[in-house]
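Below you will find the structure I want to go over with you.
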There are 2 protein chains.
Amino acid sequence: MSLHRIHNFNAGPAALPLPVLEEIRESFLDFQGTGMSITEISHRSKPFDGLLNDAIERLRRLLGLDARYKVLFIQGGASLQFAMVPLNLLADGASADYVDTGTWSTKAIQEARLLGKRVRVAASSQDRDFAYIPKAPAFDPQAAYAHITSNNTIKGTQWADFPDTGAVPLVADMSSDILSRTFDARPFGLIYAGAQKNIGPAGVCLVIAREDMLARVPAGLPTMLRYTTFSEKNSLYNTPPCFTIYTVGLVLKWLEETVGGLAAMEALNRRKAALIYRTLDASGFYRGTADADSRSRMNVTFRLPTPELEAAFLVEAQANGLGGLKGHRSVGGCRASLYNAVTLESVTALVDFMAEFERRKG
Amino acid sequence: MSLHRIHNFNAGPAALPLPVLEEIRESFLDFQGTGMSITEISHRSKPFDGLLNDAIERLRRLLGLDARYKVLFIQGGASLQFAMVPLNLLADGASADYVDTGTWSTKAIQEARLLGKRVRVAASSQDRDFAYIPKAPAFDPQAAYAHITSNNTIKGTQWADFPDTGAVPLVADMSSDILSRTFDARPFGLIYAGAQKNIGPAGVCLVIAREDMLARVPAGLPTMLRYTTFSEKNSLYNTPPCFTIYTVGLVLKWLEETVGGLAAMEALNRRKAALIYRTLDASGFYRGTADADSRSRMNVTFRLPTPELEAAFLVEAQANGLGGLKGHRSVGGCRASLYNAVTLESVTALVDFMAEFERRKG
């Protein structure tokens, strides 16, 4: 029986590399000869310690992190980080700068304010419904940190280059584009990323924290909300989400050994995105929603001439084995998410379908 | 090739039912004909909604929960609940009663106090190293709630019957014995349980909260620390740990349809525990560490005459396919964890080995 698999353009949880899924399935009843499933082994065992540290080392190599950075695995998603970042890094009385590029940045700002923290919106693209990334925001040199959302899944925008914040540490929500391209980590005080887009299944958030940020963590926070609880115990203060971390490790191995690292991954991601954006630009039928200089290579958002055509497009795409193309419920339209595990073959199938649909309906 | 599987007595993460693991493996690349892995489907999709609600309904039926109870899935483990319980349910100025039965209760008490909450230790078994469950503690009728740990994995004790708290709502950490036996849920205001012992893989904490407890949730808490964030959105405020919830659902299905419900599960668990306790009681070689009337049916803790014999026992047991028998690192000795998925066959293999080892070394 041939395997039924679709072209998966989900925004997250999203496609995972097929070789990774196959390896999980293959060893699911007996992990590394332990006679137990990965879901049954102790988080205090040598096999688990091995895979945890292997994942951390691969991340360090892939991102070129120097010794000042700690790699942590924390539950609760980026939504919990919206609270942990200001609780840990922003002392009462101090102020942090946030750039508002849409839904997720807006939530991060709201959460910090809910907790009584002082937040300044250094720049915003709300004036044009977040269709662009603000140019060269002016940051407060006294800010405790400057927070950005590196890629915006809903509005389809992405920082092409990270802003210059001088001596102010950058803090970034990279949930939807981490490990999709090379970048210089050194200006970053802290990076967080929910796993369920580029690096694994849902259920763990990767946090990369620099030592000087960890030194800020105040006493009196709930134990599970202190970054130092995780940094001091190598993310093993309590039982971590073992299966999810294991899968993240396999994805990192695939990225390093099969893809060949971040530069190779970025080159492939550029080709994938270019295929769709060329289709949009050559068409009077499809219309991209993000400014050209702010376009995301991870989430391509586009509209068709009418809502009826969009509905027909989504139904027919699904029938043709192209899934997950519906835009976020808050904005409608269409969206193709092109995370690392989405293959060039899938993207080619999509642009072929788009061209064929336009010929029939355009 | 025959499948290599050991008898798994891990304290958590722990054994899962083999039919559940087989079903996960079988459908891992194509979940319910979606053409995607369960790790790749959207948490906002119909298939995920279906499995989430199915898991909740099965839990309601298995535990006989009335309409006042909400079933929530929250990340961060019981350790995060140590903070969420007092933050949500214990107003400043009010006081809560805690019964201290060892490590996990102690941590719950410490966390509440760390957060500046008023906690009274209503009873403690610290005087004899937590080898027993305190008899009929006197609770403060004004207490906001009375907190107990239903089963103590490290000391091998378990509440045989839950204490009478009058009108004071019971709050219980049931991480290590939920769904192992029948009980009357109605005195409970809130129950929480990390999944990784009786109900699934690590990475999700089950929380069962009664409406009157949800009405206490104050404003101003971090969004992800408010029970109402989860109750109002059916645990879908942000991306949940999809794979873990899926697996919990399969375990609940197995418990309901294959085992036949909680009464049948309890009967089997009684037989399993009795096999080992009879072995301990009949022996001058092995010695149980918990008082007879406080013995846990989930975690049987025992010692051998010397640390050298304990070390030899653990090595030989492992060589005989009996894994996870080492006591918690804080207490040493031996421990057999007999969660729901541990079969009678595994327990029989263990007592046979114990008898054989005693004959040789006793």
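Letters A, B, ... mirror the listed sequences (proteins, then strands); counts begin at 1. Heavy-atom basis, side chains included; hydrogens, waters and symmetry copies ignored.
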**Between B:M84, B:E40, B:R329, B:Q75, the one whose heavy-atom pairs under 4.5 Å with chain A are most numerous** = B:E40
**Prompt:** Of the listed residues (B:L21, B:T239, B:D30), which shares the most heavy-atom pairs with chain A below a 4.5 Å separation?
**Reply:** B:L21
**Request:** Enter the distance from A:L72:CG to A:Y192:OH here, rounded to the nearest 0.5 Å.
**Result:** 14.5 Å
**Asked** Quick one: NE2 on A:H328 to CG on A:N152, what's the gap to the nearest 0.5 Å?
**Response** 12.0 Å
**Prompt:** Who wins among B:A83, B:S37, B:G76 for the most heavy-atom pairs under 4.5 Å with chain A?
**Reply:** B:G76
**Item:** Under 3.5 Å: donor-acceptor pair, side chain of A:N198, backbone of A:Y339
**Value:** no
**Message:** Please tell me whether B:W104 and B:S175 have a donor and an acceptor in their side chains that are separated by less than 3.5 angstrom.
**Reply:** no
**Asked** Is it the backbone or the side chain of B:I74 that comes under 4.5 Å from a heavy atom of chain A, or both, or neither?
**Response** neither
**Request:** Answer yes or no: is there a side-chain heavy-atom contact under 4.5 Å between A:V342 and A:S337?
**Result:** no
**Asked** Stepwise, does the side-chain contact (heavy atoms from CB on, under 4.5 Å) test hold for A:T39 with A:F31?
**Response** CA-CA 9 Å; A:T39 58; A:F31 173 68; over 6 Å; no
**chain B contact via A:L221 - side chain, backbone, both or neither, heavy atoms under 4.5 Å** = backbone
**Asked** With under 30° as parallel and over 60° as perpendicular, where do the rings of B:Y98 and B:H147 fit, or are they tilted in between?
**Response** parallel
**Request:** Can you tell which part of A:Y237 gets under 4.5 Å to a heavy atom of chain B, answering side chain, backbone, both or neither?
**Result:** side chain
**Prompt:** Between CG of B:L322 and CD of B:E316, what distance do you get to the nearest 0.5 Å?
**Reply:** 11.0 Å
**Message:** Looking only at the side chains, is there a donor atom on one of A:T228 and A:S231 sitting less than 3.5 Å from an acceptor on the other?
**Reply:** no
**Asked** Of the backbone (N, CA, C, O) and the side chain (C-beta and beyond), which part of B:A202 lies under 4.5 Å from a heavy atom of chain A, both, or neither?
**Response** both
**Message:** Counting heavy-atom pairs closer than 4.5 Å to chain B, which one of A:S79, A:G33, A:C242 comes out on top?
**Reply:** A:S79
**Item:** Derivation and outcome, side-chain contact (heavy atoms from CB on, under 4.5 Å), residues A:R25 and B:L29
**Value:** CA-CA 8 Å; A:R25 183 181 60 173; B:L29 296 189; 3.5 Å; yes
**Item:** Side chain to side chain, A:W254 and A:P19, heavy atoms closer than 4.5 Å
**Value:** yes
**Contact class of A:E26 relative to chain B, heavy atoms under 4.5 angstrom** = neither
**Request:** Taking atom types as modelled, find out whether A:N299 and A:N151 have a side-chain donor-acceptor pair closer than 3.5 angstrom.
**Result:** yes
**Item:** Gap separating the OG atom of B:S176 from the NZ atom of B:K197, nearest 0.5 angstrom
**Value:** 6.0 Å
Validation: residues 243-253 of chain A side-chain donor-acceptor distances under 3.5 Å, sequence neighbours left out:
{"from": "A:Y246", "atom 1": "OH", "to": "A:S27", "atom 2": "OG", "distance (Å)": "3.3"}
{"from": "A:T247", "atom 1": "OG1", "to": "A:F243", "atom 2": "O", "distance (Å)": "2.9"}

**Structural part of A:I41 lying under 4.5 Å from a heavy atom of chain B** = backbone
**Item:** Residue pair A:V85 / A:L90, side-chain heavy-atom distance below 4.5 Å
**Value:** no
**Asked** Which one, A:V204, A:N238, A:I38, leads in non-hydrogen pairs under 4.5 Å with chain B?
**Response** A:N238
**Message:** Can you tell me how far apart CD (A:Q81) and CG (A:N88) are? Round to the nearest 0.5 Å.
**Reply:** 8.5 Å
**Asked** Within residues 4-18 of chain B, which positions have a heavy-atom distance to chain A below 4.5 Å?
**Response** B:H4, B:R5, B:I6, B:N8, B:N10, B:G12, B:P13, B:A14, B:A15, B:L16, B:L18
**Request:** Evaluate side-chain contact (heavy atoms from CB on, under 4.5 Å) for B:T229 paired with B:V217, printing each intermediate quantity in order.
**Result:** CA-CA 10 Å; B:T229 297; B:V217 176; over 6 Å; no
**Residues A:F73, A:L52; criterion side-chain contact (heavy atoms from CB on, under 4.5 Å); working and verdict** = CA-CA 10 Å; A:F73 292 102; A:L52 174 66; 3.7 Å; yes
**Prompt:** Can you name the residues of residues 109-118 of chain A that have some heavy atom under 4.5 Å away from a heavy atom in chain B?
**Reply:** A:E111, A:L114, A:L115
**Message:** Can you list the residues of residues 42-49 of chain B that sit under 4.5 Å from chain A, counting heavy atoms only?
**Reply:** B:S42, B:H43, B:R44
